[in-house]
Amino acid sequence: MSKQSFRVCFCFRRIFKLRVLEPPEDVKTLFDQYSQNGTMSLDNLHGFLVEFQGEHKATKDDAQAIFNSLRHLNIFSRRGLQLEAFFRYLLGELNGPLSPSRGVHHDMAAPLAHYFLYTGHNSYLTGNQLSSDSSAEPIIKALRKGVRVIELDLWPNSTKDEVEVRHGGTLTNPVDLLKCLHAIKENAFQKSEYPVVITFEDHLPANLQAKVAEMVTKTFGDMLYRPETDQLGKFPSPDSLKKKVMISTKPPKEYLETQTSKPLQMSKTSSKKEQWDDEKTASKNNLETYDKDDIDEGEDLQDEDEETMTVPEYGHLISIHAGKPKGALQNWLSMDEKKVRRLSLSEQELERATRRYGTDIIRFTQRNLLRVYPKGTRITSSNYNPFVGWMHGAQMVAFNMQGYGKHLWVMQGMFRANGGCGYVKKPEFLLRDEVFDPIVQLTVKIILKVTIYMGEGWDLDFRRTHFDMYSPPDFFVKVGIAGVPADKAMYRTKAIEDDWLPVWNEKFEFKLTVPELAVLRITVREYDTSGKHDFGGQTCLPISELRTGIRAVPLHDRRGVKYKNTKLLVQFEKN
């Protein structure tokens, strides 16, 4: 048994014995059950995959692939797997919690409104919402992670003759629109072939809208989706939009009124005045009033009394029309059988609206798109609970992808589903004619049992003194459910002292009423007596695609990047 020493002061060291990684007792028992004379044959392994791991479609070729993946190890025997080799398979990449070969498997032929879309907010910012730089790099990173909705804020430059992308009213530095468009074109379909939606927050005069129309058309060419009609009666499907780019913004006022290609027209708009007038009307109708931060950042037209002109070419770019109808909230959720559109609400607006109009929101999202965005006070690029939007059918729950934290981890976990393509089909209960009521108490559908056995890899991915200057780390695991309010839960294991190879052997049980929307959260922390426990890794996994059996669960850093070696050995059971 090897040893590890930590210098406490100049005069002495603390010496710790390092354990050898050993399989848990449950693994030993399973090996005995599926082996003969200490060896697990190809047939034995195939039986284990089907009967215990729940891989009912597994073939002997799958078992052979596992054998082949272990051949380079000195512990591999031609006659079959011995306990040590079987244990290494359980901790290997082929035994992950999500199927590595399943790929895109949801029905992708339904209208766009039937899917959750991986959606970014202020996609060009490199850091906080107040003073960070604008750049094409965050857009590239988001697209390569599978994000399918990119938001760009369009403003005139200082000389009013070019278009730049920046967060208006802040100290953030701008980036040229053309750089952002080229970044989208070059990276849109590297991770996923399904459509990318660009949402414009437009603060431009007509002459610059014309420039945008020219730039977008020239950059994307045939990649740009242009519907045959100016106003869609139903959204097309992701399947029909493969490798297409769609533009979503609020069409100019005159374009909405005429929907014809007339010459430039002059008009005066007062969107801010209209918005505040709408709030007064809502107040008179005994509806909730909204904070100034709640005004939809993407749906304002122009500043008060500013003259605007309509550019038909710009209007014709728009395949997903955005905008709030005038008046109170009931009008915002109004339905038009001949037209579909996108509505945007802040997280605060949505929370207030769900208190009285939950079923109306769900009915609206069965045909139309709902985008939810962070409140304006989230200047550190923090995020919010996405389930408020998801359980009401909101397709575009927009997140600050440049941030990090538990809500972003949950977002990343949700979109690991369906092959990580950025589109997740909504559960059927959000799409049926009998509209789901999110406040009704539901019965338990499944019971998920999670056994946290052990972990490894921190000694390879972290410095020896990363967690503690004077001893090996004291790891514990937090495991819980993110989902609808009835399903939310969080538990933790005991802390294992002074061990790089912690063994917990603890089981937890979760009763789930809406497993279709539930995400399993796992976080490892290193215990500190001060209460500020160090971060040791995390992952979030969609319950709907979680494989049963004993699985190797890779952990990720705060940004969601997978560690090379750090993982947990966990058993999942669904009853």
Report all side-chain donor-acceptor pairs from residues 103-113 shorter than 3.5 Å, counting only partners two or more places apart or in another chain.
unit_1: His105; atom_1: ND1; unit_2: Gly103; atom_2: O; d: 2.8
unit_1: His105; atom_1: NE2; unit_2: Glu545; atom_2: OE2; d: 2.9
unit_1: His106; atom_1: ND1; unit_2: Lys425; atom_2: N; d: 3.1
unit_1: His106; atom_1: NE2; unit_2: Glu545; atom_2: OE2; d: 3.4
unit_1: Asp107; atom_1: OD1; unit_2: Ala109; atom_2: N; d: 3.0

Kindly list each side-chain donor-acceptor pair under 3.5 angstrom involving residues 507-524, sequence neighbours excluded, with atom names and distances?
unit_1: Thr513; atom_1: OG1; unit_2: Asp487; atom_2: OD1; d: 2.8
unit_1: Thr513; atom_1: OG1; unit_2: Asp487; atom_2: OD2; d: 3.4
unit_1: Glu516; atom_1: OE2; unit_2: Lys445; atom_2: NZ; d: 2.8

Next item on the list: Mind running side chain to side chain contact (heavy atoms under 4.5 Å, CB included) on Arg525 and Phe535 for me, showing each step along the way?
Entry: CA-CA 5 Å; Arg525 298 275 180 181; Phe535 177 81; 3.8 Å; yes
Notebook entry, point to check: Could you walk me through whether Phe475 and Asp499 pass the side chain to side chain contact (heavy atoms under 4.5 Å, CB included) check?
Noted result: CA-CA 8 Å; Phe475 289 124; Asp499 205 331; over 6 Å; no
Next item on the list: Please test Leu442 against Val484 for side chain to side chain contact (heavy atoms under 4.5 Å, CB included), starting from the C-alpha separation and ending with a verdict.
Entry: CA-CA 11 Å; Leu442 302 173; Val484 301; 6.0 Å; no
Note to self: Would Arg102 and Asn418 count as a side chain to side chain contact (heavy atoms under 4.5 Å, CB included) here? Give the steps.
What the structure shows: CA-CA 8 Å; Arg102 201 172 182 190; Asn418 200 25; over 6 Å; no
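Proximity of a side-chain donor or acceptor of Asp474 to a complementary backbone N or O of Glu526 within less than 3.5 Å is not detected. Remark: the backbone N or O of Ala394 is not paired with any side-chain donor or acceptor of Thr365 at under 3.5 angstrom. The backbone N or O of Arg558 sits nowhere less than 3.5 Å from a side-chain atom of Gln538 that would complete a donor-acceptor pair. Here the side chain of Trp458 pairs no donor or acceptor atom with the backbone of Thr566 at under 3.5 angstrom. In this structure, Gln366 contributes its side chain and Leu430 its backbone to a donor-acceptor pair below 3.5 Å. A distance-only check finds no donor-acceptor pair linking the side chain of Thr539 to the backbone of His556 [under 3.5 Å]. Although no hydrogens or angles enter the test, the distance criterion places no donor-acceptor pair under 3.5 Å between the side chain of Thr39 and the main chain of Gly80. Side chain of Ser248 to backbone of Ile320: a donor-acceptor contact under 3.5 angstrom is found. At distances below 3.5 Å, at least one donor-acceptor pair connects side-chain atoms of His46 with backbone N or O atoms of Ala58. The backbone N or O of Trp504 lies less than 3.5 Å from a partner atom in the side chain of Lys494, making a donor-acceptor pair.
Taking the centre of each ring, Phe462 and Tyr563 come in below the 6.0 Å mark. Between Phe86 and Phe48, the distance from one ring center to the other falls under 6.0 angstrom.
A donor-acceptor contact under 3.5 angstrom links the side chains of Ser530 and Asp528, judged on distance only. No donor-acceptor contact under 3.5 angstrom links the side chains of Asn122 and Gln402, judged on distance only. In this model, no donor atom of one side chain and acceptor atom of the other lie less than 3.5 Å apart for Asp32 and Thr29.
The neighbour count for Lys242 NZ, taken as heavy atoms of other residues, nucleotides or ligands under 6.0 Å away, is above 12. The environment of Phe429 atom CZ is dense: over 12 non-hydrogen atoms of other residues, nucleotides or ligands sit within 6.0 angstrom. Remark: Lys574 NZ is packed, more than 12 non-hydrogen atoms of other residues, nucleotides or ligands lying under 6.0 Å away. Surrounding CD of Glu93 are at most 12 heavy atoms belonging to other residues, nucleotides or ligands under 6.0 Å away. Counting heavy-atom neighbours within 6.0 Å of Lys243 NZ, excluding the residue itself, gives a total of 12 or less.
Proximity of Asp468 to Pro473: side-chain heavy atoms (C-beta onward) are nowhere separated by under 4.5 Å. The side-chain heavy atoms of Gln33 and Leu30, taken from C-beta on, include a pair separated by under 4.5 Å. At a threshold of 4.5 Å between non-hydrogen side-chain atoms, the residues Glu506 and Val477 do not count as touching. Residues Val27 and Leu569 form a side-chain contact, since some pair of their non-hydrogen atoms from C-beta on lies under 4.5 Å apart. By the 4.5 Å heavy-atom criterion applied to side chains, Phe220 and Ile198 are counted as neighbours. Side-chain contact check for Leu152 versus Ile139: some heavy-atom pair is nearer than 4.5 Å. Tyr34 places none of its side-chain heavy atoms less than 4.5 Å from the side chain of Leu45. The shortest side-chain heavy-atom distance between Tyr118 and Met414 does not fall under the 4.5 Å cut-off.
For the side chain to side chain donor-acceptor pair (under 3.5 Å) condition, the pairs that include at least one residue of residues 382-395, sequence neighbours left out, are Arg378-Ser382. Sorted by first and then second residue, the salt bridge (charged side-chain N to carboxylate O under 4.0 Å, His left out) pairs with a member in residues 45-56 read Glu55-Arg547, Glu55-Arg551; sequence neighbours excluded.
What you find for Ala417 and Val424 is that their closest heavy atoms are CB-CG2, 4.1 Å. What you find for Leu408 and Met401 is that their closest heavy atoms are CD1-SD, 3.8 Å. Smallest separation of non-hydrogen atoms from Ser35 and Asn44: CA-OD1, 4.1 Å. Between Arg148 and Tyr194, the shortest heavy-atom distance links the atoms NH1-O, 2.8 Å. Looking at every heavy atom in both residues, Gln64 comes nearest to Arg71 through NE2-NH2, 3.3 Å. Of all the heavy atoms in Pro138 and Thr126, the pair that sits closest is CG-CG2, 3.8 Å.
The CG atom of Asn400 sits 12.0 Å away from the CD1 atom of Ile379 when rounded to the nearest 0.5 Å. Rounded to the nearest 0.5 angstrom, Phe235 CZ and Leu369 CG are separated by 4.0 Å. Distance check, rounded to the nearest 0.5 Å: CD of Gln36 to CZ of Arg79 gives 11.5 Å. To the nearest 0.5 Å, atom CD of residue Glu22 and atom CD of residue Glu84 are 10.0 Å apart. Annotation: the span from Ile543 atom CD1 to Ile481 atom CD1 amounts to 4.0 Å, rounded to 0.5 Å. A distance of 14.5 Å separates CZ in Arg144 from OG in Ser192, rounded to the nearest 0.5 Å.
Applying the side-chain hydrogen bond (donor to acceptor under 3.5 Å, both in side chains) test to Thr548 and every residue at least two apart in sequence or in another chain returns nothing. Residues passing the ring pair (Phe, Tyr, Trp, His ring centres under 6.0 Å) test with Tyr527 are His533, sequence neighbours excluded.
Thr359 pairs in a side-chain contact (heavy atoms from CB on, under 4.5 Å) with only one of the listed residues (Val440, Val435, Thr354), which is Val435.
Ion pairing between Lys375 and Glu351 fails under the 4.0 Å rule for side-chain N and carboxylate O.
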